[in-house]
Amino acid sequence: GRIHMGHVRVYAIGDLLARYKWMRGFNVLHPMGWDAFGLPAENAAIEHNVHPAIWTYANIDNMKAQLRKMGISYDWDRELATCDPAYYRWEQLVFLRMLERGLAYRRRSTVNWCPGCRTVLANEQVEGGRCWRCDSEVTPREIEGWFFKITAYADELLEWCDKLPGWPERVLTMQKNWIGRSEGAEFDLPVAGRPDLTMRVFTTRPDTVFGMTYAVLAPEHPLVDRMVTDPAERARVTAFRAEVARESEIERLAADRPKRGVRLSAKIVNPFNDAELPLFIADYVLMGYGTGAIMAVPGEDQRDWDFAKQHGLPIIETVARPAGWTGEAYAGDGVKVNSGFLNGLSTPDAKRKAIDWLVERGLGISKVNYRLRDWGISRQRYWGAPIPVLHCERCGIVPEREENLPVILPRDVQLSGTGGSPLADAPGFVNAPCPTCGGRARRETDTMDTFVESSWYFLRYCSPHYEHGMFEGAAADYWMPVDQYIGGIEHAVLHLLYARFYTKVLRDLGMTKVSEPFTALLSQGMVIKDGAKMSKSKGNVVDPDDLIRTYGADTARLFSLFAAPPAKDLDWNDHGVEGASRFLNRVWRFVIGHGDELRRGARSAVPTTDASRAFRRTIHETIKRVTDDIETDFGFNTAISAVMELVNALHAFETASLDAVPAPERAALLREGVETVLLLLAPFSPHVTEELWSQLGHDVSVFKQRWPDADPVALRRAEVTVVVQVDGRVRGRLVVDVDAPEPRVRELALADDKVRSWVSGRAVERVVVIPNRLVNIVTRG
RNA sequence: GCGAGAGUGGCGAAACUGGCAGACGCACUGGAUUUAGGAUCCAGCGGGCGAAAGCCCUUGGGGGUUCAACUCCCCCCUCUCGCACCA
């Protein structure tokens with residue numbers, strides 16, 4: 001509803017880059033829009049009895065006003081809001097296309113159910129296993145819902161992780177791990193005495209099959225019901241299932257807690273050696289991964305080891321342990337032992353041979369599995385884009401006709417936070433004729449996950465008012481992919497993976513040529529105050545409006561860029577803001593105070609004194625530093641400190657040059673220094689610099705100037721200071737010619753009085769010379 | 001728990017590819033200016049010892065590699081983000 005310092009920070013970064021690229025001559029598209037659907041609006045509606053649309057648009061007005069005060073250079077002509085039917089109609093269309101191609105499908109899945117409110121809860125609405133509103137115990141419930149088949153793109157998403165050099169490595173690593181590709185085998189375990197049943201398992205370690213001492217089914221596995229016939233056993237299973245259902249997936253997978261399980265009366269057979277083995281259901285096996293069933297090899301898997309120890313099951317080692325091994329399960333590679341026809345092979349060879357053995361007998365296949373699951377997009381909520389399908393009594397699920405899009409979200413719906421999907425209570429919306437047979441049908445009442453809207457908005461920005469499709473091909477071809485995306489690290493897997501997936505789907509629908517939406521990604525850190533994330537409940541918020549009122553937008557922006565590098569968390573400190581303000585005032589006073597002299601100064605001057613040359617070198621070193629900092633690693637904080645140093649040098653030169661430098665030369669150099677400061681500072685603090693630029697007599701905006709280039713002549717240096725170490729400790733310094741030959745530097749270092757006093761009485765064993773930098777004299781004795 | 005990061009003065013931080021640890025800024029101290037306060041300017045400012053020159057110690061903790069380690073390797077601690085219906 002209100003912008004906070006986190007927004008100030010991320011938008012200051014974006015605006016800095018936009019203005020910088022603009023000054024470098026690029027055509028920059030710098031848009032802003034509102035990801036407006038979602039749970040918060042619905043909660044506000046319930047709490048304050050205001051319609052989500054009214055609440056949302058009021059917030060948009062607020063935030064827009066605040067952003068304008070910050071002076072961010074957005075192209076407001078491209079503004080969009082995702083809750084606008086003119087926006088979401090296109091994702092409804094894409095939904096239909098995905099439905100045709102089987103990329104959108106319906107299946108059952110488990111949700112959080114509050115029996116008190118009789119509604120589905122988001123994870124965020126579950127606190128300690130209870131409903132945040134009514135405190136009822138939340139139970140799992142199976143419901144039908146819509147899914148996007150992101151798993152069909154798992155391999156491509158993974159491959160592209162290695163082709164995105166502009167992304168932070170840590171984000172790519174998280175995505176790779178999230179996709180979690182693993183190669184292995186899938187095969188059947190016969191159930192003893194039940195020729196009608198087999199249990200299919202997936203393993204990444206087919207080489208360890210001879211170490212199988214038991215097998216496990218996920219408690220929810222449908223096979224369990226077919227195996228368990230005895231009423232007493234059935235009761236035990238039911239009780240265990242209820243227990244497991246109360247645990248979160250995180251708890252079930254936690255490696256440091258006892259693994260719970262129930263032994264079934266049925267037994268399975270290891271096809272490799274016909275051994276009859278016990279079968280369990282256990283919490284650490286999930287229905288959602290692999291086949292929901294595993295062969296357990298405690299010798300080589302720590303989870304299985306823990307379970308085996310707790311249940312007194314045998315452990316067989318099938319890989320020779322490395323010398324000195326003291327651990328429990330050994331997951332590494334090695335030579336196979338206790339493994340029948342695999343004995344003596346290496347782990348990779350044994351994997352291949354075991355798979356061949358299965359394939360030859362028709363018992364199993366080589367299989368790749370992913371940790372990634374399909375994307376559940378159904379929400380039993382009001383404030384979202386309607387899913388454009390109908391349920392017909394006769395025809396079943398029928399897509400809405402394209403010409404009937406958009407399916408508009410109705411306005412008059414009562415929101416209570418209880419009961420089923422709010423749209424189900426809007427008869428005008430729900431009841432509609434079947435697009436196929438014209439008979440009675442009910443509209444889908446689930447809405448789409450808001451991550452769907454945020455998966456393509458960047459494409460819409462290319463042609464935000466286009467009415468014949470999601471976006472105009474030519475415009476998207478011109479602008480896409482996004483050259484610089486900026487967002488929080490919290491988006492590392494979900495949003496950023498969904499947007500990548502959705503872009504690939506649009507490509508395969510022939511709508512765009514790009515395979516990846518974002519060429520470069522900057523993940524910025526959070527804004528922290530007093531050791532905690534800024535939040536109302538902690539009472540540590542800084543309101544950007546107050547800050548802008550007191551110090552102006554330029555100061556707020558400058559400080560948020562100066563206080564920390566963008567990828568790091570920023571620790572907010574009111575005193576620091578004071579410093580940024582002081583710096584801008586210092587620049588202001590200098591320009592105003594020297595206005596006449598600066599305006600008189602010539603455009604360039606050849607420095608004739610040492611002081612002039614040194615000052616001009618500082619100017620051009622600063623240009624180089626600031627440019628490199630922005631270009632190579634988003635080093636905005638060090639870029640600002642370089643400009644601060646230049647301003648310090650400007651003051652020093654102003655004083656030192658009074659009598660020492662001819663007046664025209666001094667005026668020209670001061671002007672070059674001041675104009676450089678303004679140009680370099682312009683993307684950081686646009687208002688002050690623009691004003692001062694015009695005060696200097698320019699009538700064209702500072703942002704229409706070329707970004708300065710460092711003059712190589714000014715950068716040239718004759719001498720450097722070289723540090724001299726004795727045994728790794730600094731004992732002196734030498735001023736030598738740049739690129740002085742090594743033997744000469746070595747000789748000078750050894751001849752230095754201070755160095756000699758440290759070396760005397762010891763033998764020089766070695767002298768390390770790092771050109772233009774350092775000499776280290778290593779002694780013995 | 002799993003996956004991914006981070007940890008440097010009183011504080012925010014800097015340090016190219018392994019090469020002077022602490023740039024720049026804040027806070028603080030002293031001085032100048034001022035009726036006073038504010039603002040501004042000058043100087044000092046990691047810790048210990050010292051009058052000073054200087055010496056020793058110091059980058060979460062412990063080990064290692066190297067002429068040289070904030071940086072590379074191993075073990076440990078703490079904090080942050082994500083974990084699929086918050087977005």
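A, B, ... follow the sequence lines: proteins, then strands. Residue 1 opens every chain. None of these values were measured; they are calculated from a predicted model.
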S.K.: Would you classify His575(A) as touching base, sugar-phosphate or nothing, given that sugar-phosphate means primed atoms plus P, OP1 and OP2, and contacts are heavy atoms under 4.0 Å?
M.R.: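 The residue His575(A) makes sugar-phosphate contact but no base contact.
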
S.K.: Is Thr82(A) reaching over with its side chain to a backbone N or O of Ala36(A), donor-acceptor style, under 3.5 angstrom?
M.R.: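 Yes, Thr82(A) side chain to Ala36(A) backbone: donor-acceptor pair under 3.5 Å.
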
S.K.: Determine: side-chain N/O of Arg586(A) to OP1/OP2 of C24(B), distance under 4.0 Å, yes or no.
M.R.: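 Looking at the OP1 and OP2 atoms of C24(B), neither is under 4.0 Å from any side-chain N or O of Arg586(A).
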
S.K.: Look at Arg731(A) together with Asp752(A) and state whether they make a salt bridge at an N to O cut-off of under 4.0 Å.
M.R.: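 Here Arg731(A) does not pair with Asp752(A) in a salt bridge, since their nearest N and O are not under 4.0 Å apart.
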
S.K.: With sugar-phosphate meaning primed atoms plus P, OP1 and OP2, does Val493(A) contact a base, only sugar-phosphate, or nothing at under 4.0 Å between heavy atoms?
M.R.: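 Here Val493(A) touches the backbone only, sparing every base.
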
S.K.: Tell me what Arg733(A) touches on the nucleic acid: a base, only sugar-phosphate, or nothing, going by heavy atoms under 4.0 Å.
M.R.: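 Base, at least one base atom sits under 4.0 Å.
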
S.K.: Once you apply a heavy-atom cut-off of 4.0 Å, does Gly376(A) come out as touching a base, just sugar-phosphate, or nothing?
M.R.: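 Here Gly376(A) touches the backbone only, sparing every base.
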
S.K.: Reckon Met174(A) touches a base, only the sugar-phosphate, or nothing at all at heavy-atom distances under 4.0 Å?
M.R.: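 It contacts base atoms.
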
S.K.: So, Glu42(A) side chain and Trp383(A) main chain: donor-acceptor pair closer than 3.5 Å or not?
M.R.: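 Yes, the answer is positive, given that a donor and an acceptor are paired below the 3.5 Å cut-off.
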
S.K.: Return the polar atom pairs (N/O with N/O) between nucleotides 52-56 of chain B and the protein under 3.5 Å, or none.
M.R.:
| unit_1 | atom_1 | unit_2 | atom_2 | d |
| --- | --- | --- | --- | --- |
| C55(B) | OP1 | Arg731(A) | NH1 | 3.1 |
| C56(B) | OP1 | Arg731(A) | NH2 | 3.3 |
| C56(B) | OP2 | Arg731(A) | NH1 | 3.3 |

S.K.: Are the side chain of Trp167(A) and the backbone N or O of Phe518(A) linked by a donor-acceptor pair below 3.5 Å?
M.R.: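 At least one qualifying donor-acceptor pair exists.
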
S.K.: What nucleic acid atoms does Arg170(A) come within less than 4.0 Å of, heavy atoms only: base, sugar-phosphate, or nothing?
M.R.: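 Contact class for Arg170(A): sugar-phosphate only.
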
S.K.: Using a heavy-atom cut-off of under 4.0 Å over every strand shown, decide if Arg381(A) touches base, sugar-phosphate, or nothing.
M.R.: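 Touches a base.
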
S.K.: Under 4.0 Å, counting only non-hydrogen atoms across every strand here, what does Val171(A) touch: a base, just sugar-phosphate, or nothing?
M.R.: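 The residue Val171(A) makes no contact with any strand.
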
S.K.: For the side chain of Asn123(A) and the base of C85(B), is some donor closer than 3.5 Å to an acceptor across the two?
M.R.: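 Per atom types, no contact qualifies.
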
S.K.: Return the 5'-most residue of the pair Glu578(A), Asn776(A) with respect to RNA chain B, ranking by each residue's nearest nucleotide.
M.R.: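 Looking at the nearest nucleotide for each, Glu578(A) comes out on the 5' side.
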
S.K.: Just to be sure I understand the rule, does Asp727(A) reach a base, reach only the sugar-phosphate, or reach nothing, if contact means heavy atoms closer than 4.0 Å?
M.R.: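 Touches nothing.
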
S.K.: Answer with base, sugar-phosphate or nothing: what part of the nucleic acid does Val778(A) contact at a heavy-atom distance below 4.0 Å?
M.R.: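 Sugar-phosphate, no base atom in range.
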
S.K.: Within the structure shown, what part of the strands sits under 4.0 Å from Ala563(A) by heavy-atom distance: base, sugar-phosphate, or nothing?
M.R.: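 Touches sugar-phosphate only.
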
S.K.: Distance criterion of 3.5 Å, no angle test: do you see the side chain of Gln125(A) paired donor-to-acceptor with the base of C86(B)?
M.R.: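 It does not, because no donor-acceptor pair links the side chain of Gln125(A) to the base of C86(B) below 3.5 Å.
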
S.K.: Given A87(B), is OP1 or OP2 found less than 4.0 Å from the side-chain N or O atoms of Thr450(A)?
M.R.: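 Yes, because at least one side-chain N or O of Thr450(A) sits under 4.0 Å from OP1 or OP2 of A87(B).
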
S.K.: Under 4.0 Å: is that the gap between some side-chain N or O of Asn585(A) and OP1 or OP2 of A39(B)?
M.R.: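 No, because none of the side-chain N or O atoms of Asn585(A) sits under 4.0 Å from OP1 or OP2 of A39(B).
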
S.K.: Using a cut-off of 4.0 Å on non-hydrogen atoms, how would the nucleic acid contact of Ile777(A) be classed: base, sugar-phosphate, or nothing?
M.R.: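 Nothing, no nucleic acid heavy atom in range.
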
S.K.: What does Glu765(A) touch in the nucleic acid at a heavy-atom separation under 4.0 angstrom: a base, only the sugar-phosphate, or nothing?
M.R.: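 Glu765(A): no heavy atom of the nucleic acid under 4.0 Å.
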
S.K.: Regarding Phe562(A), tell me which of base, sugar-phosphate or nothing describes its non-hydrogen contacts under 4.0 Å with the strands shown.
M.R.: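 Since a base atom lies under 4.0 Å of Phe562(A), the category is base.
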
